[in-house]
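A short worksheet on the structure shown next.
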Amino acid sequence: MRGMILVARRELAAYFNSYWGWVVIAVILLIDGLLFNAVAMGDKPKYSSEVIEQFFWVSFGCTVIASLPVTMRLFAEEKQTGTMVLLDSAPLSRWQLVGGKYASAMLVMAVLVLSTLYMPALVFVNGKVSYGHIFAGYLGLMLVAAAATGVGTLGSAIARNQIVAFIISALLLAFLVLAWLLAKVTDPPLQDVISYLSFYDRHFRGFGEGKVSSESVVFFLSVAFVSLLGSSRFLAARRWQ
Amino acid sequence: MIEATGLTRYYGDFPALQDASFTIADREIVGLLGLNGAGKSTAMKILAGLLLPSAGTVKVGGVDAVLDPDALRRKIGFLPEEPPLYREMRVREFLQWCGELKGRTRKQVADAMPTVLQTCDLTHVAERVIGELSHGYKKRVGIAQAIIHRPEVVILDEPISGLDPQQIVEMRKVVRSLKEFATVLISSHILSEIEQTCDRILVIHKGKLVAEGSDEELSARGERDRNVALMVRGGEAELRAVLDQASFVERYELAVRDGEGHRELAAKVVLTGDHRKALVNALVQTDLELRELTAASATSDLERVFLKLTSGEEAKA
């Protein structure tokens with residue numbers, strides 16, 4: 001546990017002692033804010049719940065996209081700069097290493113997601129919103145962040161440099177987000193499997209509407225777990241390379 | 001302290017290390033000598049727990065590198081050729097983090113810090129950002145991170161590469177000082193470095209361990225004691241007779257110089273082994289006046305042996 005905290009602590013310092021962490025958060029918040037204004041608020045009058053629903057739809061996309069720059073450096077940068085040897089030669093289990101890196105990225109993602117709270121808060125000014133709806137939506141966003149960060153961590157563990165890590169993670173996440181499109185052109189039983197993997201259509205939409213589904217909670221946590229398991233296996237396999 | 005048996009490592013079909021067996025005693029400084037691509041770094045990475053061997057076993061302080069890599073890593077301090085440093089961190093902060101990462105408590109690392117900074121001559125740059133340091137200081141920070149947790153074995157891969165002559169001399173002192181508390185394995189392709197720093201040398205070539213021993217032992221495999229130059233006063237025929245009859249003389253060349261009132265004979269003699277004493281005994285039993293007997297070698301003995309070993313002329317002794 002101590003090793004995991006040490007890894008996470010250094011990683012967080014690297015995010016926030018450089019411009020990188022701040023720039024990513026600022027850019028994503030800017031895009032999220034602009035989209036909230038243009039898409040969720042819009043020109044026409046809407047019910048508050050409809051505005052919130054569209055806000056979560058916009059924030060879902062921003063969260064998935066934000067996970068890419070946040071995670072691409074986790075392991076790939078260490079491999080690029082040669083500092084991976086410090087972690088490889090330390091008495092840390094691969095789980096501790098992956099856990100520490102993941103925890104730091106997840107903390108950045110949590111800061112990012114929670115920084116958007118001012119937007120639903122604005123809806124309270126002229127509308128009525130259920131706290132339960134807000135809670136469900138943010139729970140969904142945190143679960144999406146957990147799963148997308150896990151996938152990003154896996155991409156970074158596989159790749160030798162940050163660009164490749166970004167591309168691998170982007171492809172995996174694009175598949176998981178757009179799986180519902182693919183499901184439309186496939187036949188059962190493959191269609192059911194692909195459809196089940198769809199981040200938004202199958203699992204997040206309910207959270208955005210204020211409904212918490214235990215099946216989707218398990219799904220997002222499973223994606224995160226499997227990704228981290230894969231990351232630790234890839235890192236352990238480096239000793240065989 | 002280190003016991004490697006039949007160590008073999010393949011990268012795909014390429015054998016980077018083949019059936020290497022060696023032992024290294026406690027508090028010994030051992031040099032791994034070989035040309036670029038000989039397999040030195042592969043051997044060091046296996047010993048540091050970074051790579052698994054394709055075959056063979058490694059034990060460090062009784063701990064099996066394959067079966068218990070975490071326990072092995074606690075015993076090892078490793079500096080790769082390029083020091084692994086977080087450029088944005090300050091020296092003290094970085095070393096504190098490394099020490100704790102290697103399993104020491106915050107207090108243990110803080111207590112060891114002054115000694116380590118002093119050993120590596122980093123005290124005056126302890127609060128500086130690593131990215132701003134010169135290459136030589138970065139190397140020292142690299143060594144400091146390898147010893148901050150007081151490991152039993154310190155592995156240094158090419159620690160002097162890229163250093164200027166003054167930095168090399170200082171680095172040599174640092175490496176020698178590590179012997180006080182650790183076994184040191186150091187790799188280099190620079191012979192003089194290995195010669196001056198190490199107690200014992202392992203010569204590796206094309207993945208195979210081709211020789212091991214001290215500088216003197218390896219040099220003895222050379223020709224220092226076989227090639228001698230003689231300066232004798234007396235008769236040419238008498239000298240020829242001595243050299244022709246001596247079974248330990250392989251061949252010789254003779255030159256005659258006429259001096260003032262005497263004749264000097266200069267001979268370059270190749271012996272079958274270190275038979276200098278027998279040669280002197282044979283000469284003093286004649287009327288010849290032996291003026292001088294010196295080793296004829298002009299080049300480094302170890303260098304000659306190394307070149308011989310790495311050109312495949314000589315197998316492991």
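Below, chains carry the letters A, B, ... as their sequence lines are ordered, and counting in each starts from 1.
Your options are Leu92(A), Val7(A), Asn17(A), and the one with the most heavy-atom pairs under 4.5 Å with chain B is Leu92(A). Per-residue counts of heavy-atom pairs under 4.5 Å with chain A were compared for Glu100(B), Lys45(B), Met89(B); the largest is that of Glu100(B). Highest contact tally toward chain A, considering only Ile46(B), Leu72(B), Leu50(B), Ile76(B), is held by Leu50(B) [criterion: heavy-atom pairs under 4.5 Å]. Options Cys98(B), Pro53(B), Pro69(B) differ in how many heavy-atom pairs under 4.5 Å they form with chain A, and the most are formed by Pro69(B).
Atom CH2 of Trp97(B) is separated from atom CG of Leu6(A) by 7.5 Å, given to the nearest 0.5 angstrom. Expressed to the nearest 0.5 Å, how far CZ of Arg74(B) lies from OG of Ser89(A) amounts to 12.5 Å.
Counting non-hydrogen atoms of neighbouring residues, nucleotides and ligands closer than 6.0 angstrom, the CZ atom of Arg2(A) exceeds 12 such neighbours. For Arg106(B), the CZ atom is loosely surrounded, since the number of other residues' heavy atoms within 6.0 Å does not exceed 12. When the shell of 6.0 Å around NZ of Lys59(B) is examined, it contains 12 or fewer heavy atoms from other residues, nucleotides or ligands. Within 6.0 Å of CH2 on Trp95(A) lie more than 12 heavy atoms contributed by other residues, nucleotides or ligands. Residue-environment remark: NZ (Lys75(B)) exceeds the threshold of 12 foreign heavy atoms within 6.0 Å. Atom CZ of Phe135(A) has 12 or fewer neighbouring heavy atoms from other residues, nucleotides or ligands inside a 6.0 Å radius.
With Pro84(B) as the fixed residue, the side chain to side chain contact (heavy atoms under 4.5 Å, CB included) test singles out one of Leu87(A), Thr81(A), Asp88(A), Leu86(A): Leu86(A).
Taking all atoms of both residues into account, the shortest heavy-atom contact from Pro91(A) to Asp70(B) is CB-O, 3.5 Å. Closest non-hydrogen pair, Arg10(A) versus Glu88(B), comes out as NH1-OE2, 2.8 Å.
Looking at Glu93(B), neither its backbone nor its side chain comes within 4.5 Å of chain A, counting heavy atoms on both sides.
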